[in-house]
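Below is one structure; the comments refer to it alone.
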Amino acid sequence: MFEFCCAEQLSLVMYIAAWLRGVEALQFYIPVLGVTFSECYAATLLITTLVFSPICSLMNVYLSYQAGTLKQTKLSEQLAPGILLGLTLLLPIVWAFLSRADIMNTETRWIYWLQGIIYSNATCRLIVSQMSSTRCNRWSWMIAPFCVILPAVYVGALEGPNEVLVLKAYTVGVSLLHIHYGMCVVRQLCDHLKICCFSITKK
């Protein structure tokens, strides 16, 4: 846990440095390693994400199993959240690679925003289902438009300015849906706890 807290603090310092001095502030050379600091940091993020996070997750599952506190005992139920989260990460990347409008380079912020919002919504829904001890969703209607968009991009029916327009409209749409979902969750929690939003006093 301490290592992850340190990594988060380092990330915060890096973002502030890049904001104050520009990305050039992170491009200094580390002679001992023969790489720039930003390359070293990117490698560290990849290693911790692909190696240490799964190890910690498996350890937590094992400890929970030993303590008898697992909420889902079937392996299929335990792996189910990974399917939706994997799709929310994979589908925008597939769109970016198939794109004839080269949206990854021309509309980078929009494609990252889309991916981030969809992933955030899936994660929030997973947290709510975990807290309420209910089954997590296997599917999200936020990724349903990919069933139409990806084939249309692949065959060339959606390209150029129209593709960019669909990307922006889709992103704004899922952003509004995510905000609506958050407002509904907060309202339902307030009703359940009989409190006012942004206040801990009872109604």
Side-chain angles (χ1 to χ4, degrees), residues 1-63 78-127 130 136 140 142-143 145-146 149-150 153-154 159 163-164 166-168 170-175 177-179 182:
M1 185 62 111
F2 176 73
E3 293 83 2
F4 294 117
C5 291
C6 290
E8 289 174 4
Q9 301 307 320
L10 179 60
S11 297
L12 178 62
V13 169
M14 287 184 56
Y15 288 129
I16 291 172
W19 178 64
L20 291 173
R21 306 287 306 271
V23 292
E24 296 79 19
L26 306 177
Q27 297 296 327
F28 62 87
Y29 189 73
I30 303 174
V32 177
L33 300 175
V35 294
T36 64
F37 177 75
S38 57
E39 291 170 337
C40 182
Y41 182 71
T44 304
L45 282 179
L46 284 172
I47 291 168
T48 55
T49 301
L50 299 175
V51 178
F52 295 118
S53 290
I55 290 171
C56 289
S57 296
L58 291 173
M59 188 174 75
N60 286 336
V61 169
Y62 174 74
L63 292 174
Q78 294 172 2
L79 296 177
I83 296 168
L84 179 58
L85 294 176
L87 284 173
T88 60
L89 290 174
L90 182 66
L91 293 174
I93 293 171
V94 171
W95 184 2
F97 277 111
L98 293 176
S99 173
R100 294 167 196 236
D102 194 23
I103 57 173
M104 183 54 88
N105 290 316
T106 59
E107 305 295 338
T108 308
R109 287 188 175 126
W110 284 94
I111 194 76
Y112 281 148
W113 181 9
L114 173 66
Q115 188 177 38
I117 288 290
I118 294 174
Y119 187 82
S120 296
N121 186 266
T123 305
C124 289
R125 290 177 184 272
L126 176 60
I127 291 168
Q130 184 71 13
C136 71
S140 169
M142 283 194 174
I143 62 173
F146 282 114
I149 293 170
L150 293 182
V153 170
Y154 182 73
E159 58 184 343
E163 184 180 356
V164 173
V166 167
L167 170 64
K168 292 180 178 180
Y170 184 23
T171 304
V172 170
V174 294
S175 299
L177 286 173
H178 185 55
I179 291 168

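Along the sequence shown, residues are numbered consecutively beginning with 1.
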Check [X] against [Y] and note the closest heavy-atom contact, atom names and distance.
{"X": "Ile111", "Y": "Met104", "value": "CG2-SD, 4.0 Å"}
{"X": "Pro92", "Y": "Leu87", "value": "CD-O, 4.1 Å"}
{"X": "Val164", "Y": "Ala101", "value": "CG2-CB, 4.4 Å"}

Begin from the C-alpha positions of Val94 and Leu150 and carry the test side chain to side chain contact (heavy atoms under 4.5 Å, CB included) through to its verdict. CA-CA 8 Å; Val94 171; Leu150 293 182; 4.2 Å; yes
Spacing of [atom1] belonging to [X] relative to [atom2] belonging to [Y], to within rounding of 0.5 Å:
{"X": "Leu63", "Y": "Leu58", "atom1": "CG", "atom2": "CG", "result": "11.0 Å"}
{"X": "Tyr119", "Y": "Leu85", "atom1": "OH", "atom2": "CG", "result": "4.5 Å"}
{"X": "Leu91", "Y": "Ile118", "atom1": "CG", "atom2": "CD1", "result": "8.0 Å"}

How about [X] and [Y]: do any of their side-chain heavy atoms sit closer than 4.5 Å?
{"X": "Val166", "Y": "Ile149", "answer": "yes"}
{"X": "Ile117", "Y": "Thr171", "answer": "no"}
{"X": "Trp113", "Y": "Ser175", "answer": "yes"}

Residues forming a ring pair (Phe, Tyr, Trp, His ring centres under 6.0 Å) with Tyr170, sequence neighbours excluded: Phe146
Applying side-chain contact (heavy atoms from CB on, under 4.5 Å), can you list everything that pairs with [X], at least two apart in sequence or on another chain?
{"X": "Leu177", "answer": "Met142"}
{"X": "Thr108", "answer": "Tyr112"}
{"X": "Ile16", "answer": "Leu12, Leu20"}
{"X": "Ile93", "answer": "Phe97, Gln115"}

Checking [X] now: which residues fulfil side chain to side chain donor-acceptor pair (under 3.5 Å) with it, not counting sequence neighbours?
{"X": "Tyr154", "result": "none"}
{"X": "Glu39", "result": "Thr36"}
{"X": "Ser140", "result": "none"}
{"X": "Trp110", "result": "none"}

Tell me which pairs pass side-chain hydrogen bond (donor to acceptor under 3.5 Å, both in side chains) where either residue lies in residues 82-96, with sequence neighbours left out. Trp95-Glu163
